[in-house]
Amino acid sequence: MSTDAITPVFVRLKLSLLRNGLRQSGGRKAAYITSAVLALLFAALQLIGLIALRGHAHAESVVVLAVAVLGLGWAVMPLFFPSGDETLDPTRLVMLPLRPRPLVRALLTASLVGIGPLFTLCLLAGSVIAVARGGAAFAVGAVAVVLALLVCVALARAVAAANVRLLTSRKGRDLAVLSGLVIAIGAQIVNFGAQRIGASGLGELDPAAGILQWVPPASAIGAVHAVSEGSYGLAAAQLALTAGALVALLALWSRHLTRLMTSPDGSTLPGAESAAKERSSAGPGRLLPTGRTGTVMERSLRYVWRDPKTKAAWVTSLAIGLIVPVFNAWQGTGSVYFACFAAGMLGIQMYNQFGQDTSAFWIVAMTISSTRDAYVELRARAYALLLITLPYATLVTVLTTAMLGDWRRLPEALGLSFALLGAMLATGAWTSARFPYSIPQEGYKNVAPGQTGLAWISIFGGMMAAALLCAPVIALTIWLNVSADGDAFTWLLLPVGTAYGAALTAAGLKLAAPQTARRLPEILAAVSKG
């Protein structure tokens, strides 16, 4: 077979992979079709919106920023979703007699098949229509769309090839946990930017767009606007920059492909020295209590550090718990009470404690023979969570208070946070015993099929119960703030909230322990389902 003939083969291979993947289950087919329809609908609405910008004074700034963000998305997609496209792993082709350049051409062409490239094409086309004026601008726009699309795809492929050894290893897949952090931060940045734009207009985007118009693939759209303005030399430079970026990305991709297909994989083999060091060191575990309590705490903390699903949940909760109060305080629209968000987000980690163990829970179940054993198990898990949550919630509350300069309300904000945390630990322990559900090991689902109702009852029902349990402290806070002489006693909310949260935690553990001991077979069956 000639090297030119492999391109259509790879395109058919991509289509076959897509078709066979949809045949695996009706649920997967429905999810793909739904996501495709939503993506295309969003692309169509976005295309209409970009066309509506035509003639606007700041249209160029909007489309340049949009294309720059699009390019960033293509760059990070392989890192956050390494299993989203099976063809991103070129190591599957190492046994085939293929040279890098024909392989790059074939993979690049096959990469243009899918929802992502079609969505990108719609956005790029709308961007060109928004800024192009005159036949020359539209002619350059056609070239710009092709170059920008190829840059986006080549960027994703080069990043995937450079990190494929890492991404396909167990530790490398942990990179996906950063997606929660990036999404959380990105959502708040978008929210902050939207508020600034709403207050000051689209002119706020001009400085950033002036810089990004020289960064591929946004430089291709900048070239279209330059032609519309009659700056042909500027347009040629921006197009040349985009084309140069494409050539550089293809060369980088080809070099990584050559290295992948000619060198052994040693990325997942730890050095003997580091492994021996890890075995010989007791680590922070030596600071924990002895006996079952310390063992359970260490196991829980190791799950947080090593298990991808548990780590993803913790990273997301830590990020959102900090971002929501801090960003609102930064914008001057927040309140010290927003700091309770940190305790609430981390308190969720107490829910479905046994589901986090998955099928390994049977080992834990073998050690629980009485209500006392169940109580110590749950108490140790709560201690492990408090080891992170208490200092974190305190830090977020102090930081939010400092940004707002409202130090008078620090004691009551801390008291409310500790009361909320205690309520969530109590309800989390109880719902873990009453409504356990399985968390699948593979993929991005957090609930096994058929257990969605249990998850809703466990998490949202428990959160509503926690809010009701906090009602006395909330009522006391309101009363002291509206009372004429209440300001002098608001400091009491810190010890009251702390004591109340501790009492709720103890009561919740006491109620959950007999449920856990009695329902061990049901819990084991539920958490092992996935």
Side-chain angles (χ1 to χ4, degrees), residues 170 173-174 177 285 288-289 291-315 317 346-389 424-462 505 508-530:
R170 184 187 67 82
R173 287 192 294 268
D174 290 356
V177 305
L288 299 176
R292 179 178 186 127
T293 299
T295 302
V296 175
M297 290 180 66
E298 184 173 3
R299 184 183 69 225
S300 299
L301 294 172
R302 285 183 183 273
Y303 279 165
V304 174
W305 182 249
R306 293 184 176 182
D307 180 64
K309 288 293 181 69
T310 306
K311 185 187 293 186
W314 272 92
V315 168
S317 296
L346 294 186
I348 294 176
Q349 304 308 315
M350 188 64 187
Y351 293 86
N352 196 34
Q353 276 291 308
F354 307 127
Q356 296 176 11
D357 297 350
T358 62
S359 58
F361 178 68
W362 73 270
I363 302 177
V364 178
M366 294 290 290
T367 67
I368 299 177
S369 58
S370 64
T371 300
R372 174 64 183 173
D373 291 338
Y375 174 76
V376 175
E377 175 76 23
L378 287 169
R379 185 185 63 184
R381 291 175 184 245
Y383 283 169
L385 191 144
L386 287 171
L387 200 61
I388 302 174
T389 304
M424 298 196 75
L425 290 177
T427 56
W430 192 82
T431 58
S432 293
R434 288 294 303 162
F435 305 106
Y437 57 91
S438 178
I439 301 176
Q441 290 275 350
E442 302 297 332
Y444 297 97
K445 292 183 179 180
N446 290 318
V447 183
Q451 293 186 330
T452 306
L454 286 173
W456 277 85
I457 294 173
S458 175
I459 297 176
F460 291 99
T505 301
L509 294 175
K510 287 288 186 182
L511 290 174
Q515 293 279 344
T516 302
R518 185 170 59 251
R519 302 187 71 253
L520 274 180
E522 291 89 342
I523 296 173
L524 182 58
V527 302
S528 302
K529 184 176 181 180

Discussion item. Using side-chain contact (heavy atoms from CB on, under 4.5 Å), reason through Thr427 and Tyr351 one step at a time and then give a plain yes or no.
Written reply: CA-CA 8 Å; Thr427 56; Tyr351 293 86; 2.7 Å; yes

Discussion item. Is the shortest side-chain heavy-atom distance between Val376 and Val296 below 4.5 Å?
Written reply: no

Fill in: Validation row: Val527, Asp357 side chains within 4.5 angstrom (heavy atoms)
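They are not in side-chain contact.
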
Discussion item. If the condition is salt bridge (Lys or Arg N to Asp or Glu O under 4.0 Å), which residues does Arg434 pass it with, not counting sequence neighbours?
Written reply: none

Please check: side-chain N/O of [X] versus main-chain N/O of [Y], any donor-acceptor pairing under 3.5 Å?
| X | Y | answer |
| --- | --- | --- |
| Ser528 | Ala525 | no |
| Lys311 | Val304 | no |
| Arg292 | Ala380 | no |
| Asn352 | Ala455 | no |
| Ser317 | Trp314 | no |

Item to complete: With sequence neighbours excluded, tell me which residues meet side chain to side chain donor-acceptor pair (under 3.5 Å) with Thr371.
Response: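 Side chain to side chain donor-acceptor pair (under 3.5 Å) list for Thr371, sorted by chain: empty.
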
Distance check, rounded to the nearest 0.5 Å: [X] atom [atom1] versus [Y] atom [atom2]?
| X | Y | atom1 | atom2 | answer |
| --- | --- | --- | --- | --- |
| Thr505 | Met424 | OG1 | CE | 11.5 Å |
| Arg302 | Thr310 | CZ | OG1 | 14.0 Å |
| Ser300 | Leu385 | OG | CG | 9.0 Å |
| Glu377 | Thr295 | CD | OG1 | 10.0 Å |
| Arg381 | Leu378 | CZ | CG | 7.0 Å |
| Ser432 | Gln356 | OG | CD | 7.5 Å |

Determine all donor-acceptor pairs shorter than 3.5 Å in which one atom belongs to a side chain in residues 508-520; sequence neighbours excluded.
residue	atom	partner	partner atom	Å
Thr516	OG1	Ala512	O	2.9
Arg519	NH1	Ala433	O	2.4

Fill in: Heavy-atom closest pair, residues Ser438 and Ala526
CB-O, 3.3 Å

Fill in: Check against side-chain contact (heavy atoms from CB on, under 4.5 Å), Tyr437 and Ile459
CA-CA 11 Å; Tyr437 57 91; Ile459 297 176; 3.3 Å; yes

Going by the rule ring pair (Phe, Tyr, Trp, His ring centres under 6.0 Å), which residues pair with [X] if we only count those two or more places apart in sequence or in a different chain?
| X | answer |
| --- | --- |
| Trp362 | none |
| Tyr375 | none |
| Phe354 | Phe361 |

Practice prompt. Just do the side-chain contact (heavy atoms from CB on, under 4.5 Å) check on Arg299 and Val364 with the steps written out, would you?
Written response: CA-CA 11 Å; Arg299 184 183 69 225; Val364 178; 3.8 Å; yes

